[in-house]
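All chains are named by letter (A, B, ...) in the order of the sequence lines, taking the proteins before the strands, and each is independently numbered beginning at 1.
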There are 2 protein chains.
Amino acid sequence: MARPERKTVRDVRKGNRGMLLRTLYFGGPRSRHELTGLTGLSAATISTMTGDLLTEKILMEAGQVDSDGGRPRVLLRVNPVYAYLIGVDVAETHVRVELFDLEMTEKARVDYTLRPSHHDIELVARRILAGIDVVLADGQVTAAQVLGVGIGVPGIVERGASDALIHAKTFGWDGVPLGALMRAGTSLPVFIDNGAKTMGQAELWFGAGRGADHAVIVLIGSGVGATVVADGQAVRGTSNSAGEWGHTKIEMNGRPCRCGSRGCLEAYIGAEGLLARAGVPAQTTDWPSALGRVLADGGPVVDETLTYLGTGLANLINMLNPERILIGGWAGLMIGERHLDQIRVVVGENSLTQPYNATSIVLGELGPDAVAMGAATLVLEEFLDASAPLRLHAAS
Amino acid sequence: MARPERKTVRDVRKGNRGMLLRTLYFGGPRSRHELTGLTGLSAATISTMTGDLLTEKILMEAGQVDSDGGRPRVLLRVNPVYAYLIGVDVAETHVRVELFDLEMTEKARVDYTLRPSHHDIELVARRILAGIDVVLADGQVTAAQVLGVGIGVPGIVERGASDALIHAKTFGWDGVPLGALMRAGTSLPVFIDNGAKTMGQAELWFGAGRGADHAVIVLIGSGVGATVVADGQAVRGTSNSAGEWGHTKIEMNGRPCRCGSRGCLEAYIGAEGLLARAGVPAQTTDWPSALGRVLADGGPVVDETLTYLGTGLANLINMLNPERILIGGWAGLMIGERHLDQIRVVVGENSLTQPYNATSIVLGELGPDAVAMGAATLVLEEFLDASAPLRLHAAS
DNA sequence: CCGTTTCGTTCACGCATTGAACTAACATGT
DNA sequence: ACATGTTAGTTCAATGCGTGAACGAAACGG
């Protein structure tokens with residue numbers, strides 16, 4: 001019952017323009033002629049629309065191609081330096097700010113280390129704002145050229161009517177208004193989402209998820225989460241907290257989980273739970289190498305982990321029937337690189353034949369650094385969907 | 001990445017017309033003036049559009065209301081006898097064909113009993129076609145007045161490029177082309193979907209799910225399934241087999257399930273599994289009263305069942321963050337009527353606070369007979385979305 | 001230099017929504 | 001009975017958009 005909005009003729013333009021931009025963005029340089037076929041629009045419409053986009057400098061020409069015997073085609077492409085995007089990754093140990101051009105090429109980056117338990121929200125906001133200034137200076141870009149700032153944060157981002165509120169237990173954030181704080185310091189449009197979701201977005205757009213309409217991107221680090229994509233759209237749920245795959249129960253009366261419950265998937269396949277099960281001392285700090293040793297040694301704990309992971313993935317397949325499952329996150333990649341085949345076997349044993357056969361299970365391509373890129377993708381999405389109304393802003 | 005279609009000005013009309021029809025369908029009789037506010041369209045557009053719909057007889061006037069001091073408003077409503085819908089329920093023991101008017105009032109019904117293991121697809125198709133003729137005669141409706149036939153069937157309905165194929169193990173159906181068989185016998189448009197899904201659709205549109213944008217409708221009978229609704233749209237997955245909640249694993253190395261795997265939720269809370277766990281002899285035929293006795297007696301088996309059910313629901317909440325969960329199916333209703341409060345407690349203990357608080361858990365309102373009505377809803381949906389292109393057909 | 005082929009643009013037309021001006025239908029006060 | 005005010009609904013010129021058809025542009029081959 002999602003209420004469709006009133007539509008007017010201008011929405012037609014906006015939609016078609018977005019479609020053209022998307023096909024050009026993802027479909028490489030194309031001639032106007034090719035675009036008629038790819039978009040279904042008439043040559044006349046393509047002509048006027050590309051004309052507009054060229055004078056706006058959103059598109060640019062990209063050489064010619066001979067076409068046997070006739071007038072050569074002029075290739076068009078999205079102008080990568082028409083505007084820039086900023087992506088921010090707020091993590092437990094650092095705040096990272098990155099500047100991208102429209103093609104997601106990194107132009108500048110700055111990292112701020114956060115001392116443990118120094119996650120005061122105002123400190124974090126100050127770091128982000130300072131980081132924006134730094135990357136703009138480094139990249140020699142003015143704020144007026146930036147379409148917006150995307151921020152990936154830990155925890156649940158509640159998108160209320162007014163402003164995004166962030167709940168992150170481990171940070172001591174309980175309903176923190178980061179959006180408002182940002183707006184107080186910059187006039188750039190700000191988009192905030194959970195870091196796991198922005199990373200999923202990045203994989204979906206630029207990684208192993210390209211082109212998938214139904215996908216689940218699973219993130220296994222010390223925690224466990226998932227991004228669900230149905231019909232090309234991220235499933236957010238009613239308060240934007242869908243995807244807590246790590247806290248689905250997979251064992252009645254199972255291991256206690258840090259969420260307070262028992263038998264959560266995260267307690268078995270999350271790095272923290274996995275290492276604890278393998279008997280790695282709790283005070284170990286270098287988790288990745290510890291995990292590497294556990295995986296190399298093999299043994300029952302690893303087999304058990306693969307069983308839990310495979311069963312958890314099978315549940316996703318039975319429930320959601322995705323065409324693709326991506327495994328990401330630093331721990332997920334380490335496990336998957338060694339044991340993907342065995343995971344596939346376990347999944348096959350625990351899922352229904354028909355949906356299992358419709359799914360391919362692959363590893364993420366982007367690595368754990370993609371949070372900021374995914375956050376920037378939030379801005380890019382807005383631009384592609386509605387380049388007309390958004391457009392460039394005067395910066396303060 | 002769902003590719004949006006090329007849009008033209010006429011699509012604007014189609015969309016707005018659908019929106020108007022929907023608000024009038026679900027929002028009771030309204031005056032043109034009220035419709036401007038409800039739809040966001042201008043008075044001018046409302047005027048021309050309602051004019052069209054009135055001459056097409058899709059709308060009709062429904063009295064007047066005084067409006068203090070001025071011209072009285074003329075109320076408009078959807079004309080319930082503009083056209084009719086046929087819904088079919090193909091179940092293990094019967095084929096039921098029902099005729100509805102546009103307001104889903106039942107006009108005629110016919111039941112055919114199926115003898116066990118007489119599920120030959122051609123027999124079923126013949127029954128359906130005969131049933132269509134019977135309800136049309138009983139309801140004194142011509143085929144030309146019927147918008148289409150919706151059919152709810154067991155098993156997985158694979159919506160390929162060409163034609164719907166049905167896989168239903170218990171019926172011995174493996175890729176059966178019911179759609180093609182129907183088209184050979186009638187020229188009415190045919191829509192086929194899984195019966196659990198059509199029932200979910202019925203609850204969502206006309207039952208306890210009205211108005212929910214994010215919902216899960218859970219069906220517990222002898223089997224267990226779910227309909228997931230995200231952003232007002234049913235989540236179907238890549239091959240239309242999403243929603244197999246009953247075969248998600250809730251216990252490692254748990255009870256064997258008839259799907260061949262182990263630890264499936266269905267093996268615990270499905271009527272068959274539940275009765276087996278309670279020690280009810282396998283040859284019992286009257287399952288509902290057996291279940292009634294088990295529930296009345298109480299004891300550990302019941303408690304256990306509520307724990308499994310609550311945990312399964314908690315997994316849905318954590319994963320999908322719905323605003324509403326409906327419990328339906330004959331067994332689900334029996335359990336829920338007695339123990340809804342305890343279910344809510346178990347769910348609370350096993351789900352994250354924030355999404356739990358955003359969810360209300362309620363019982364279905366429509367009862368197990370809603371499969372045919374939900375199937376008819378498939379036709380209604382098509383009509384409301386695209387009344388212009390669909391329109392009435394010449395019948396054979 | 002000319003015909004052919006392919007690519008791209010221009011323009012009249014049909015269809016959509018809209019604001020503004022207008023008409024319709026009532027109640028009230030005198 | 002009649003004027004006035006108020007609310008409901010309609011009509012119309014203006015504007016925006018996509019499209020097909022006619023037209024212009026830029027190459028090739030002879």
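Here D:dG9 presents its C1' atom at 12 Å from CD of B:Glu61, a figure rounded to the nearest Å. Separating the CE atom of B:Met19 from the P atom of C:dA16 is a distance of 15 Å, rounded to the nearest angstrom. Rounded to whole Å, atom P of C:dT6 lies 15 Å from atom CD of A:Glu34. Between B:His33 atom NE2 and D:dT6 atom C1' there is a gap of 11 Å when expressed in whole angstrom units. For the pair A:Arg17 CZ and D:dG16 P, the computed distance is 15 Å after rounding to whole Å. Whole-Å rounding puts the B:Arg10 CZ to D:dG20 P distance at 11 Å. Note: CG (B:Leu76) to P (D:dA8) measures 13 Å, nearest angstrom. When the P atom of C:dT17 is taken as reference, atom NZ of A:Lys7 falls 12 Å away, rounded to whole Å.
Look at A:Asn16 and you won't find any side-chain N or O under 4.0 angstrom from OP1 or OP2 of D:dC17. Distances shorter than 4.0 Å separate some side-chain N or O of A:Arg32 from OP1 or OP2 on C:dT9.
Minimum atom distance to the side chain of B:Ala44 is reached by C:dG19, of the listed C:dG19, C:dA16, C:dC11. Closest to the B:Val9 side chain, of the nucleotides C:dG19, C:dG8, C:dA16, is C:dA16. When distances are taken from the side chain of B:Thr8 to each of D:dG18, D:dA21, C:dT17, the shortest belongs to D:dG18. Residue B:Arg73 places its side chain closer to D:dG9 than to any other of D:dG9, D:dA21, C:dT17. If you check D:dC17, D:dT19, D:dG9 against the side chain of A:Ser42, the one that comes closest is D:dT19.
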Could you run through nucleotides 25-30 of chain C and give me one letter per nucleotide, 5' to 3': B if any protein heavy atom sits under 4.0 Å from the base, S if only the sugar-phosphate is that close, - if neither?
BBS---

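Looking only at atom types and distance, the side chain of A:Gln201 has no donor-acceptor partner in the side chain of A:Thr198 under 3.5 Å away. Using a 3.5 Å distance cut-off with no hydrogens or angles, the side chains of B:Asn321 and A:Ser239 do pair a donor with an acceptor.
Comparing A:Arg6 and A:Ser31 against DNA chain C, the residue whose closest nucleotide sits nearer the 5' end is A:Ser31.
Residue contacts for A:Leu41: at a heavy-atom cut-off of 4.0 Å it reaches the sugar-phosphate backbone alone, with no base atom in range.
Here the side chains of B:Leu59 and B:Tyr82 are not in contact, with every heavy-atom distance at 4.5 Å or above.
Ring geometry for A:Phe26 against A:Trp205 counts as perpendicular: the plane angle is over 60°, on a 0 to 90° scale with 30° as the lower cut.
A:Asp66 has no carboxylate O lying under 4.0 Å from a charged side-chain N of A:Arg73, or vice versa, which leaves the two without a salt bridge.
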In sequence, state the C-alpha distance, the side-chain angles, and the governing distance for A:Leu38 and A:Arg30, and then conclude on side chain to side chain contact (heavy atoms under 4.5 Å, CB included).
CA-CA 10 Å; A:Leu38 291 168; A:Arg30 296 284 182 180; 3.6 Å; yes

So B:Lys197 and B:Leu378, side chain to side chain contact (heavy atoms under 4.5 Å, CB included) or not? Walk me through it.
CA-CA 10 Å; B:Lys197 294 229 182 74; B:Leu378 296 175; over 6 Å; no

